[in-house]
**Q** 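I have a structure I would like to understand better, so I am pasting it below and will then ask my questions one at a time.
In this text the structure is predicted, and so the values were computed from the model without any measurement.
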Amino acid sequence: MNRREMLATTVALGAGFAMMDVSKAAEALSGQDPELKKWLLEECKMEYNHVGIPTDQNLKWDTYLDNIKVHIMEYENDPFGIEWMQFEDDSPFPECIRKRPHVAFKIANFDEVIKKFKLLVPVSQPRPWMKTCFIEHKGIGIEFISK
């Protein structure tokens, strides 16, 4: 089992749910719509990327994003692939992302995928090579990341 597969089965701390394989995650995300599930997996090549967990701990932060007022420990720098985040009180991000864990998926056809969902956080480009956005699903944030 590779690192990504192991991470996909890791229990998200404080989230109250276990990460399932990508197929099961796609089923939950799609609201039991088998055609959307198939499209996400086959056409968009959706794959698990990371879990983000808000914290009030003082950690060694890698990044500070002043436009959304959040400190981040990048998931690449965490031994379990967790993106730790500490939001300032006046962060403009929605509460479901500031207060609850989120799950991130890399997707192909990024521009097509985002047309199918109501965006909670609009598309941004945090790095020159990636685009990202958030939707809400059952009270938590789902992050889409361009492949």
**Q** Side chains of F80 and V51, heavy atoms from C-beta outward: is any pair under 4.5 Å?
**A** no
**Q** With a 4.5 Å cut-off on side-chain heavy-atom distances among I, L, V, M, F, W and Y, is there a chain of contacts connecting F93 to W84?
**A** no
**Q** When rounded to the nearest 0.5 angstrom, what distance separates OG in S91 from CZ in R98?
**A** 6.0 Å
**Q** Roughly how far apart are W39 CH2 and M46 CE, rounded to 0.5 Å?
**A** 10.5 Å
**Q** Would you mind telling me which of I68, I97, I135 makes a side chain to side chain contact (heavy atoms under 4.5 Å, CB included) with V121?
**A** I97
**Q** Compare all side-chain heavy atoms of V123 with those of F110 and state whether any distance is below 4.5 angstrom.
**A** yes
**Q** Check the surroundings of atom CG in D90: do more than 12 heavy atoms from other residues, nucleotides or ligands lie under 6.0 Å from it?
**A**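 Counting other residues, nucleotides and ligands, CG of D90 exceeds 12 neighbours.
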**Q** Does one hydrophobic cluster hold both F134 and F105, with members joined at side-chain heavy-atom distances below 4.5 Å?
**A** no
**Q** Is there a path from L120 to L36 through hydrophobic residues (I, L, V, M, F, W, Y) whose side chains come within less than 4.5 Å of each other?
**A** no
**Q** Is there a side-chain contact between L65 and P126, using heavy atoms and a 4.5 Å cut-off?
**A** no
**Q** Do E76 and R127 sit within salt-bridge range, that is, some charged N less than 4.0 Å from a carboxylate O?
**A**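 Answer for the salt bridge query: no.
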**Q** Side chains of Y64 and E88: closer than 4.5 Å at any heavy-atom pair?
**A**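 Result yes, sub-4.5 Å side-chain heavy-atom pair found.
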**Q** Within the distance-only criterion (no hydrogens, no angle test), does the side chain of D66 pair as donor or acceptor with the backbone N or O of K69 below 3.5 angstrom?
**A**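 Such a contact is absent between D66 side chain and K69 backbone.
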**Q** Where is the tightest heavy-atom contact between L59 and M73, given as atom of each residue plus distance?
**A**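 Nearest heavy atoms, L59 then M73: CB-CE, 4.1 Å.
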**Q** Hey, can you tell me if W61 and H71 have their rings parallel, tilted or perpendicular (30° and 60° cut-offs)?
**A**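 W61 and H71: tilted rings.
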**Q** Can you see which heavy atom on N49 is nearest to which on K106, and at what distance?
**A**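 In this case the closest contact between N49 and K106 is ND2-CE, 3.3 Å.
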**Q** Applying the 4.5 Å side-chain criterion to the ILVMFWY set and letting contacts propagate, would Y48 and I53 be lumped into a single cluster?
**A**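 Same hydrophobic cluster.
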**Q** Identify each donor-acceptor pair in which a side-chain atom of residues 140-147 lies under 3.5 Å from a protein atom, sequence neighbours left out, and give them as a table.
**A**
{"from": "E143", "atom 1": "OE1", "to": "H50", "atom 2": "NE2", "distance (Å)": "3.3"}
{"from": "E143", "atom 1": "OE1", "to": "H102", "atom 2": "NE2", "distance (Å)": "3.1"}
{"from": "E143", "atom 1": "OE2", "to": "T132", "atom 2": "OG1", "distance (Å)": "2.7"}
{"from": "S146", "atom 1": "OG", "to": "K131", "atom 2": "N", "distance (Å)": "2.8"}
{"from": "K147", "atom 1": "NZ", "to": "K45", "atom 2": "O", "distance (Å)": "2.5"}
{"from": "K147", "atom 1": "NZ", "to": "E47", "atom 2": "OE1", "distance (Å)": "3.1"}

**Q** Between E112 and K115, is the closest basic N to carboxylate O distance under 4.0 Å?
**A**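 Salt bridge between K115 and E112, a charged N being under 4.0 Å from a carboxylate O: yes.
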**Q** Is there a chain of hydrophobic side chains (I, L, V, M, F, W, Y, each step under 4.5 Å between heavy atoms) that links L119 to L40?
**A** yes
**Q** Please report the closest heavy-atom contact between G139 and C96, naming both atoms and the distance.
**A**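 Closest approach of G139 to C96, heavy atoms only: O-CB, 3.5 Å.
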**Q** Quick check: does any side chain N or O of E83 sit under 3.5 Å from a backbone N or O of I72, one acting as donor and the other as acceptor?
**A**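 It does not hold such a pair.
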**Q** Once rounded to the nearest 0.5 Å, what's the spacing between atom CD of E74 and atom OG1 of T63?
**A**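 So the gap between those two atoms works out to 4.0 Å.
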**Q** Atom NZ of K138 and atom CZ of R100: how far apart are they, to the nearest 0.5 Å?
**A** 14.0 Å
